[in-house]
Amino acid sequence: MIKIISRNKDIFWLFNWITGLLLVYLWCTAYLNTPALKNVVEASVNSFQIALISTGISALLGWGFAILYTSSQSAGKKTLPGILDFFVDLIKSIPQIIGLLIFYIILTVLILNGILKSSFSQLLFMSLGAAFFTFYEFMSLFIERVNYYRKTEFFDAMRSNGIPEIRIVNVDIFLKNSLAHIVHKAISVFGTVLFLQCSIDFIISVGLSTDVSLSNLPLSLGSMLAKLDSKQDILAISNIFTNPAYISDLLTVHLQGISVAFVLIFSLISINKMTSAMLIKKEL
Amino acid sequence: MGSKSKWNISAAKNGNEFLNIEGFEYHKNKINFLFGESGIGKSLISKIIYGAAAEYGLEIKVNGVTYEKYLESDINKKIRKNGFFVFQEPSTHLNPLEKISTQLTEGDLTSLRNETEIFNEISPGVSKTETESILSVYPKTFRPSGGEKQRILLTMALKKIKIYQSGSEDAETLFVFDEPTGSLDNKMRNAFIDYLLITHSYKNFSAIFITHDYSIISYIENRHKNLVQNILYSELYKAKTLEFRKFDPAKYLNWIKERKNISKSKKVGNGDVVLQFDQGVEIFGKRLEFINFDGKKDERGLVIRAGDAVYLKAPSGTGKTTIAKIIMGIYSPEKASFTIAGLKSPKVNKHSFYKNKIWGRKAAMVFQNADESLNLNSKVKNIFDGLPIDKRDSEEFLKKNLSNFFDVTIINDFSEKKISKLSGGQKQRLNIIRTMVLSTPLIILDEPFNGLDFESIDKVIKMIDTLLSMKCGILLISHNEEIVETLVLPSNIYHLNSCSCQ
Amino acid sequence: MKSIMIKNFSAFLLVVVLSAIFIVIIQNQYRAERSELLSLIEDIIKIEGFNLDNPSHRVMLEESLNYQYGSSSYVDSVLTKLEEYRIKRFTDPELMAGGVKKGITYGKLTNLIFPFLKFVVIFILSFILLYYGVRTAALFRFIRYKQGRSSELEYLIKTVLNKNQRDITEIFKSAGYILLKTIAYLLLFSPAYVAAYAVKTKVDTGSFLFILLLSVLTNGALISYTAKFFTMLLHESRKGYVENAIVKNINNNYVFNREDGIKLKSLFKFSKNFENHVLNQIYKNALFQYLPLLKVQAGFLITGLVIIEMALNLHGLLFYEMLKYVLYKEYDVVIFIIAGVFAVVKITETLIDLYFEQIKLKFENK
């Protein structure tokens with residue numbers, strides 16, 4: 001086990017990430033009051049859950065569109081790939097955060113009109129929003145993989161022997177030759193969604209805190225950070241510039257905001273490190 | 001002069017040793033031809049000896065010392081200072097963002113400016129103006145062509161040889177040519193061999209010449225008999241371990257003589273026509289024409305009958321594979337008319353025509369690069385997965401053919417092997433078996449002898465004979481003229497001509 | 001070139017048309033809402049001396065209406081609308097004292113010009129800064145990688161565990177380096193709002209320079225794209241042409257400031273050139289691969305800037321203004337701003353595409 005972890009940097013960082021989160025949890029159980037601890041845990045779980053569901057939806061959407069795209073390409077059709085290219089390009093040109101903001105406005109309307117009542121349906125809608133602005137990452141990857149094998153003799157050699165193209169793409173290319181690429185992309189999209197979703201929650205909680213407030217939305221790391229007490233905790237960080245000993249206060253008195261920020265940043269670092277290590281190890 | 005240089009080499013990745021050879025040798029100041037099937041380790045061993053394997057992140061030992069120490073040794077420093085390495089893949093070994101003329105005059109190649117002359121000497125039929133035009137461009141996928149790119153890399157090495165020869169000392173040196181003629185047709189190949197052997201005779205240098213092209217032996221025997229004392233043939237082969245041994249040229253010369261005798265007894269086939277390809281193909285702004293064995297444009301075009309093999313030959317880059325891909329519906333030509341097993345190629349809805357009626361049913365093709373054609377992450381037993389055949393029949397077929405064409409004793413163990421773990425020759429045979437099982441009326445074999453050693457070539461020939469006995473019509477595409485010409489009747493040899501449409 | 005222009009322009013045109021349609025729909029909705037609100041109460045609120053905020057006036061009005069129409073649903077509707085109107089005068093910008101017309105107006109557009117220009121200038125400068133930072137940091141990392149430097153943490157552990165030659169200065173140096181690197185990582189991966197709040201009491205977070213630095217250094221912009229460029233360098237370094245350059249004995253030593261090594265000065269220049277060194281070929285090819293990625297980098301940067309401008313909650317920043325309009329439900333203004341940002345993205349993409357195409361044509365011998 002130790003050998004595997006020390007030899008594989010990606011696994012090393014996965015191990016680091018999980019250990020880091022566990023340590024934060026243990027530390028918080030010692031120094032954080034129960035309601036705050038409950039909130040931190042709930043926010044973390046919700047954020048990771050949204051990121052995970054969103055990554056799943058994103059992968060499915062990306063796969064679906066890529067299949068549509070590549071099968072039209074194989075059949076020599078140009079219109080559908082052209083249209084897909086155009087619209088994906090259009091979505092790519094909308095900054096993801098603005099896209100998510102639009103989704104949140106729609107979400108508010110749906111909540112206010114009583115359409116989305118359960119917290120799970122809201123969570124699902126939030127995931128869908130993030131997936132809509134990240135699915136093209138998967139789509140590009142899937143298309144890129146197929147095109148890579150089209151450029152070599154792989155694709156033509158198989159289809160000219162009568163192997164169905166849909167099988168070549170799904171089994172021979174994606175399943176047997178692209179799993180590392182897909183896992184790598186999934187980790188990277190997970191990180192992107194985590195970042196975007198926390199940012200939009202923070203922005204909305206800070207900037208739209210009136211009757212349109214989405215305070216009824218599931219708690220996330222972003223909305224936790226936007227809470228007044230968390231913001232005070234983060235503001236306190238600057239004290240260590242003048243008084244380095246203040247770090248002990250940060251880790252005990254200001255623990256709520258600090259732990260939320262740490263969970264978010266440490267997760268982003270670990271995810272990035274994992275993807276970088278995978279890129280080098282698997283020569284993706 | 002001519003002393004042996006012996007090497008014990010091992011290489012490992014993440015602690016797993018994957019190469020180990022004891023007693024590899026090359027003779028100093030001689031041209032050492034090295035045969036052996038692809039993937040066996042010829043390139044890596046040569047790169048290790050030359051000092052070009054430092055970037056691979058491998059744990060290498062050379063004659064008992066670490067690679068870092070070996071690179072610091074006097075002998076290796078001299079090899080790198082005076083020698084050159086011509087890499088196998090010409091298309092990836094040129095910098096796409098630098099003009100070719102710049103690449104021919106940088107680093108050690110700055111001191112001599114004879115690149116145009118050298119390139120011209122190894123490119124018969126190419127004018128100086130054409131050469132200058134080739135050297136003035138940035139290398140791209142189709143321009144210069146594969147053959148031209150190969151000659152550019154060879155020019156670099158030959159320049160370095162000239163630089164070495166212009167010095168007075170007999171220093172340690174090594175020139176490695178890794179498959180230097182893979183993209184050259186026979187005319188260009190011979191011009192290069194002439195240049196190399198004659199230059200070598202002025203002032204000897206050590207060279208390792210890695211190749212699968214056994215017909216070079218015949219050429220040297222016929223053309224440079226007086227220089228054979230400068231040449232040695234050897235091969236790498238896999239027994240239980242990787243072994244090095246001398247290769248006796250007579251073995252090949254006798255074999256080819258025997259094959260020629262067998263071919264004389266072949267008879268003209270009279271089976272059904274499985275391919276009728278009319279004259280007048282136009283693609284990529286070029287017109288392609290089929291010329292028959294007596295040098296005339298055959299009005300019938302290209303005709304293949306069941307149980308017959310037809311050889312389509314042409315200089316590299318003319319469009320042999322293009323014709324194959326047109327037949328298989330992979331390329332859409334501006335103009336072409338052909339019939340496969342009675343089915344005329346349509347003008348519209350080509351994709352569904354091929355998908356439903358041709359691929360794996362009326363025609364199939366074995367592509368030249370087995371490494372690319374097969375799913376390396378599959379197991380041998382899964383080679384037929386997805387093919388339009390009955391699964392039970394295919395299992396039987398696989399067992400039978402594995403025992404016929406592979407030297408494997410335990411079929412079940414072999415079936416469980418990952419394809420990536422097979423040798424180059426095994427992969428190529430598996431590539432052919434995958435198409436064989438379909439027994440379609442038409443089978444196209446594109447460069448079936450690519451990367452094979454002598455034994456594997458013999459086995460592939462047996463596979464072709466089996467296909468013919470199954471009444472398949474075969475279209476053979478190969479630059480290995482000497483061997484392929486023994487497989488077909490002279491009347492079944494077509495030359496492909498190309499000219500601009502304008 | 002033409003196809004790039006057509007593709008980008010048609011996308012832009014589509015967004016403009018869609019935005020215009022939405023704006024018209026939204027504005028019609030405003031009018032409909034307003035006339036629906038005022039249709040029943042317009043005459044009442046015009047009554048001289050009538051004060052809607054005065055409870056006794058409201059009671060008097062209710063009694064008068066009951067007297068006139070009886071206790072009917074009509075009276076209920078009038079009273080409901082009046083109450084709605086009364087509340088909206090505090091929340092609806094158009095009905096507030098000195099209120100402005102709801103939706104897009106000339107005044108609002110003029111007020112948005114400066115924030116928009118500020119946004120564009122910050123974007124351009126941060127884009128250039130990021131482009132420089134990414135290349136420099138990635139090259140530095142690549143050179144260190146080629147120098148065979150092992151991880152500092154591994155080195156520290158080895159030094160600490162080495163009982164025979166435990167060098168305290170080395171341990172401190174190494175630990176200091178790790179500490180600095182950790183802080184740098186925390187900053188580089190930190191979302192901009194966390195970094196900004198962490199220094200808010202010490203730094204003027206609204207300053208132009210701060211926003212500029214924040215956009216480049218935080219949100220993972222610099223670190224992510226450095227990693228991408230580093231991977232490209234690594235990928236290129238494994239290509240055949242590099243092997244070929246090495247056998248031509250072009251310099252291949254990665255030690256800084258050695259004759260056959262890397263000049264540190266070259267590393268820090270904006271336009272980088274490592275003459276007679278293999279790195280030059282690797283770098284130029286990696287850069288060529290990276291150019292199309294600049295479009296993604298631009299999109300990422302804009303997302304980061306939007307987050308910064310929204311999260312910092314400062315007047316005069318474009319996206320703070322946008323949030324305000326979201327709050328007031330003036331969605332036509334929001335759409336207008338989004339269309340403006342889309343235009344910035346599209347112009348950037350077009351320029352990058354054109355530049356890349358021009359270079360590509362050269363290398364394609366056209």
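All chains are named by letter (A, B, ...) in the order of the sequence lines, taking the proteins before the strands, and each is independently numbered beginning at 1.
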Region of [X] in contact with chain A, defined by heavy-atom distances below 4.5 Å:
X	answer
B:Asp385	both
B:Met328	side chain
B:Leu387	both

Using a 6.0 Å cut-off, check whether atom [atom1] of [X] has over 12 heavy atoms from anything other than its own residue.
X	atom1	value
A:Phe15	CZ	no
B:Lys47	NZ	yes
B:Phe397	CZ	yes
B:Lys350	NZ	yes
A:Tyr25	OH	no
B:Lys344	NZ	yes
A:Phe65	CZ	no
B:Lys140	NZ	yes

Pull out the residues in [range] that come under 4.5 Å of chain B, heavy atom to heavy atom, sorted by number.
range	result
residues 150-173 of chain A	A:Thr152, A:Glu153, A:Phe154, A:Asp156, A:Ala157, A:Met158, A:Arg159, A:Ser160, A:Asn161, A:Gly162, A:Ile163, A:Pro164, A:Glu165, A:Arg167, A:Asp172
residues 43-57 of chain A	none
residues 174-181 of chain A	A:Lys176, A:Asn177
residues 263-273 of chain A	none

Heavy-atom pair count under 4.5 Å with chain A, highest-scoring of B:Asn375, B:Leu374, B:Val437: B:Asn375

